[in-house]
Amino acid sequence: MPGNRPQVLVFDVNETLSDLTPLRLRFEDVGASADLMPLWFAGVLRDGFALTAAGAYADFADVARDGLRRLLASAAPAAGHTGPDRPDHLDHLDRLDDDQPDDPAGPDDPAGHVLAGFSELNVHPDVPDGVRALRAAGYRLTTMTNGSAALTDGLLTRAGVRDCFEALWDVGGPRRWKPDPRSYAYAVRKAGVRPADAMLVAVHPWDIDGARRAGLAGAWLRRGTDAGVYPRTMTAPTLAAQDLGELARLLG
């Protein structure tokens with residue numbers, strides 16, 4: 001690979017390791033279109049980035065719940081008309097605007113139902129073998145997520161690769177969402193290495209760009225995306241690979 005061999009690989013989690021596709025079914029469960037899932041997730045990132053830019057902070061779960069309540073409430077009129085023949089399973093979408101907050105554990109909490117899906121997500125098919133190959137090659141493996149380190153722990157445990165990772169971090173530590181440079185500085189400081197000795201692994205170009213600007217190397221996982229679509233306005237990755245198996249071969 002170009003440059004020095006990294007000592008530590010810092011993995012993004014959401015969409016890089018985890019497959020968010022099953023969350024689409026959670027949207028359908030509450031009477032909304034599955035196509036709202038990527039729109040919602042992009043909005044969560046936008047709002048988290050905006051809070052960090054403004055010098056504020058909120059956890060992923062809180063930002064995600066706010067986004068879900070807003071999106072599902074706006075989708076309710078399109079989900080079906082009112083009237084005697086309106087499907088009963090859409091009625092709870094109208095209650096998202098009630099003055100009283102929903103019980104997070106109750107059946108009338110569509111946002112909570114969607115968020116609960118994070119605790120059941122699995123990794124992409126290439127992750128277990130790719131992670132094991134990278135660990136066997138001598139790399140120290142860690143994670144840094146805008147989400148929850150506790151959910152990361154469950155994800156990797158279900159995949160049978162939790163023992164390959166020496167540490168799991170989230171942005172609750174620095175209280176700055178990636179791609180703020182302080183979030184990457186936090187990860188490398190906790191790992192006890194210089195930024196130049198670490199490489200971020202992610203599917204998101206904005207994450208690669210942020211890591212590169214913070215002094216880390218960056219490995220972009222394309223996962224079916226053509227290499228030519230990487231944004232020209234962002235710092236190029238150090239490496240690009242189709243999946244973790246190819247990344248392990250490239251890093252050696």
Side-chain angles (χ1 to χ4, degrees), residues 6 8-20 23 37-38 40-70 111 114-119 121 123-124 127 131 140-157 159 162 165-221 234-235 237:
V8 177
L9 301 182
V10 182
F11 286 80
D12 173 55
V13 178
N14 288 326
E15 295 190 300
T16 297
L17 296 177
S18 64
D19 181 2
L20 301 188
L23 294 181
M37 192 279 286
W40 160 70
F41 187 70
V44 174
L45 295 178
R46 177 202 63 213
D47 292 350
F49 298 166
L51 285 168
T52 293
Y57 174 78
D59 287 336
F60 181 93
D62 293 332
V63 177
R65 178 177 285 275
D66 281 349
L68 279 166
R69 290 176 62 85
R70 182 173 63 250
V114 174
L115 289 177
F118 275 94
S119 65
L121 293 178
V123 298
H124 290 285
V127 169
V131 162
R140 297 170 54 196
L141 309 185
T142 67
T143 63
M144 182 61 173
T145 178
N146 281 338
S148 160
L151 288 175
T152 301
D153 185 89
L155 175 76
L156 298 176
T157 297
R162 174 61 184 87
F165 289 81
E166 67 177 60
L168 312 177
W169 302 306
D170 62 42
V171 294
R175 298 181 69 81
R176 298 290 188 277
W177 284 47
K178 296 182 298 174
D180 188 284
R182 289 164 289 191
S183 62
Y184 306 105
Y186 175 87
V188 297
R189 184 171 67 252
K190 295 286 283 186
V193 298
R194 300 175 304 145
D197 294 324
M199 170 180 279
L200 181 85
V201 181
V203 296
H204 307 113
W206 57 260
D207 209 356
I208 297 296
D209 177 76
R212 294 298 314 279
R213 293 179 190 275
L216 289 73
W220 178 46
L221 297 186
M234 294 187 176
T235 310

The complete set of salt bridge (Lys or Arg N to Asp or Glu O under 4.0 Å) pairs with one or both residues in residues 143-157, sequence neighbours excluded, reads D153-R162
In short, salt bridge (Lys or Arg N to Asp or Glu O under 4.0 Å) pairs touching residues 183-192 with sequence neighbours left out are none
Residue set satisfying side-chain contact (heavy atoms from CB on, under 4.5 Å) with P195, at least two apart, ordered chain then number -> V188, L216
Q) Do side-chain atoms of S18 reach the backbone of L20 as a donor and acceptor pair under 3.5 angstrom? A) no
Rounded to the nearest 0.5 Å, the CD1 atom of I208 sits from the CE atom of M199 at a distance of 8.5 Å
The side-chain hydrogen bond (donor to acceptor under 3.5 Å, both in side chains) partners of T16 (sequence neighbours excluded) come to D12
Sequence neighbours excluded, the answer for ring-ring contact (aromatic ring centres under 6.0 Å, His included) partners of H124 is none
Would you call T235 and R213 a side-chain contact if the rule is heavy atoms closer than 4.5 Å?
-> yes
Does V10 reach the side chain of V201, with side-chain heavy atoms less than 4.5 Å apart?
no
Please evaluate residues N146 and L45 with respect to the criterion side-chain contact (heavy atoms from CB on, under 4.5 Å), reporting the C-alpha separation (whole Å), side-chain torsions for both, the decisive distance (0.1 Å), and the verdict.
CA-CA 8 Å; N146 281 338; L45 295 178; 4.2 Å; yes
Looking only at heavy atoms, the pair that brings G210 and P179 closest together is CA-CB, 3.9 Å
Across all chains, not counting sequence neighbours, the side-chain hydrogen bond (donor to acceptor under 3.5 Å, both in side chains) partners of D62 are none
- Indicate yes or no: at least one non-hydrogen side-chain atom of Y186 is less than 4.5 angstrom from one of M144. yes
Show me the donor-acceptor pairs within less than 3.5 Å that the side chains of residues 46-56 make with the rest of the protein, sequence neighbours left out.
from : atom 1 : to   : atom 2 : distance (Å)
D47  : OD2    : R70  : NH2    : 3.2
T52  : OG1    : G48  : O      : 3.3
T52  : OG1    : W177 : N      : 3.0

Q | D59 side chain to A61 backbone, donor-acceptor under 3.5 Å | A | no
When rounded to the nearest 0.5 Å, the distance separating OG1 of T152 from CZ of F11 is 12.5 Å
OG (S183) and CG (D207) are apart, to the nearest 0.5 Å, by 7.5 Å
Residue set satisfying salt bridge (charged side-chain N to carboxylate O under 4.0 Å, His left out) with R212, at least two apart, ordered chain then number -> none
- request: State, yes or no, whether a side-chain contact exists between F41 and N14 at a heavy-atom distance under 4.5 Å.
  value: yes
- May I ask you to test the V193-R140 pair for a side-chain heavy-atom distance under 4.5 Å? yes
S119 meets the side-chain hydrogen bond (donor to acceptor under 3.5 Å, both in side chains) criterion, sequence neighbours left out, with none
Distance col, row L68:CG vs M37:CE, nearest 0.5 angstrom, shows 11.0 Å
Table please: side-chain donor-acceptor pairs of residues 167-176 below 3.5 Å, with sequence neighbours left out.
from : atom 1 : to   : atom 2 : distance (Å)
D170 : OD1    : G172 : N      : 2.8
D170 : OD2    : A149 : N      : 2.8

Rounding to 0.5 Å, atoms CG (L141) and CZ (F165) come to a distance of 5.0 Å
Do T145 and L17 have side-chain heavy atoms sitting under 4.5 Å apart? no
Taken in chain and number order and not counting sequence neighbours, the residues that satisfy ring-ring contact (aromatic ring centres under 6.0 Å, His included) with Y184 are none
On a heavy-atom basis, the closest approach of A217 and A211 is O-CB, 4.5 Å
